[in-house]
Participant: 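Take a look at the following structure, please.
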Amino acid sequence: NGFLYSYLHLNHLSRQVLTGSLQPGSVAPNSVSLSIKGRRFPSITLQPTGRRFQVTCATKQETVQKVCDIVKKQLALPEGSSVTGESKFAALGADSLDTVEIVMGLEEEFGISVEEESAQSITTVQEAADMIDKLLESKTD
Amino acid sequence: MSSLLDKARLMMNIHCLGRNLVTASSSLHHVQLPGQKEAHFWYVLPDEIKDTNLLNQYFEILSPSEKENVFRMSGERLKKRAILARALVRTTLARYQTNCQIDPKALRFKKNSYGKPEVDWQYTEDWSLPQLHFNLSHTSSLIACGVTVGSPIGIDVEEKQRRLKNDVLAFARRYFSPDEIEMLTQIADPELRRLELIKLWTLKEAYVKAVGKGFSNSPFNTFTVRLGHRTKTGIHLRPPVMSKAQEITVEPPDESKNVSGNWQFVLLELDGSHYAAICIEQESTNRGKGSIPVNLKLRKTIPFVEDECILGTEKAVVISGLTTLLECE
């Protein structure tokens, strides 16, 4: 299965690089070598595209980190799993039950109360962190 | 001399033959559309699908944006699940074409104004079945697609073994309605309580997905689902005695308790390991007259390989909700 995805991914990525449509933030390997049915192919080197520099001043990095930790715990992700602000819950394998449990964990951790309407509609770590910081801010007002 | 109609049929058959030779979908078994008050439930078990060539076939019928989404998934297992989910929807819907086989790749999807996925008939070539509704749900070990004609449908599946990270009652107090919390509190055994919570969760999810207006518009604590008493088999082979106790009902809290609303539910146990909830809209003519069972065709599938009609064996047990399991053709 690992071979299939590497092959498909490489195919897809190389097409994107050629057409200039590679998304910033995509993880693109610099070089991949494939061995198909015993034949070896020369290594293919992809030029990395310039990554757009993302600045998030509004949200504290600390908040994002705490959210990442809670998400990792809820989804029982293996050690070393990459979870960042951009991570989508669904892409990490969270279903709606996980999402509401994550919200419960966040409420406990930060001492906040999330509105019903928002609880099931948060989809990324960043969205959660933004919401938390906003709620914390309004608490201190 | 053939009539004009025979000529037309002949032309269509030749046309179809040509298409079947070209598309990979010729190995999809065609099925009849669901009738009124009928739902079709198709499911696939990811652990049964290990053939890389087959997965590649599934991957190939996905749209570019679906393929992108697969790559965004973290890890092989989630990528496989994403491929299977989209392949299940596409191959399932493709079977209902009444003339010749539609290419599952030809289906185009869009989202309604609340984000619920539906078929975009305008951009799906050669085929139009605007009354066809579907809904998808997946856990790591089971992916399901429900199909109806003329009625919105919502489904949800969950592993029976699903452990919450939170205490069951704490969770219920946070998210469920007062009546549901009360009902759960009354259950003494923690394991039974957990199972009941999972059942309620799947039913509530199925309901919100059927309504199709997003979770923000139907927060879980604003409606109550009541499970009727458990019947022995719940499967009826001829018109059953109408018993309110066997029904699953949903109550908005601000309406009279006698009004059950437009929605009809089925709760199944699949393979002894999963709960599956199905919610469809009841015909307005039947409202308030007591319920007619939902006709259900249950099929386990490995798209392009084999389909199995599930008929009330230990593979599928109706736990609640008036249901008649039908034979598939």
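Proteins come first, then strands; the chains are lettered A, B, ... in the order of their sequence lines, and each starts at number 1. Note: hydrogens, waters and symmetry copies are ignored here, and every other heavy atom, side chains too, is used.
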Participant: At a heavy-atom distance under 4.5 Å, which candidate from A:Q74, A:M104, A:E107, A:E108 has the highest pair count against chain B?
Facilitator: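 Between A:Q74, A:M104, A:E107, A:E108, the count favours A:M104.
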Participant: What I want to find out is whether A:E101 reaches B:K165 closely enough, with some N-O distance under 4.0 Å, to be called a salt bridge.
Facilitator: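 No, no charged N to carboxylate O under 4.0 Å.
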Participant: Would you call A:E79 and A:K72 a salt bridge, using N to O less than 4.0 angstrom?
Facilitator: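 No, this pair does not count.
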Participant: Please classify the contact of A:L77 with chain B as side chain, backbone, both or neither, using a heavy-atom distance under 4.5 Å.
Facilitator: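 Contact with chain B: none, neither part.
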Participant: With a 4.5 angstrom heavy-atom cut-off, is it the side chain or the backbone of A:V114 that approaches chain B, or both, or neither?
Facilitator: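 For A:V114, the contact with chain B is made by backbone and side chain together.
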Participant: Less than 4.0 angstrom from a charged side-chain N to a carboxylate O is my criterion; do B:R193 and B:E196 meet it?
Facilitator: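 The answer is no: the pair does not qualify as a salt bridge.
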Participant: Check whether A:K73 gets within reach of chain B through its side chain, its backbone, both or neither, counting any heavy atom under 4.5 Å.
Facilitator: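 Only the backbone of A:K73 comes within 4.5 Å of chain B.
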Participant: With a 6.0 Å cut-off (strictly less than), is the heavy-atom count around NZ of B:K213, excluding the residue itself, greater than 12?
Facilitator: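 No - once you tally the heavy atoms of other residues, nucleotides and ligands closer than 6.0 Å, there are 12 at most.
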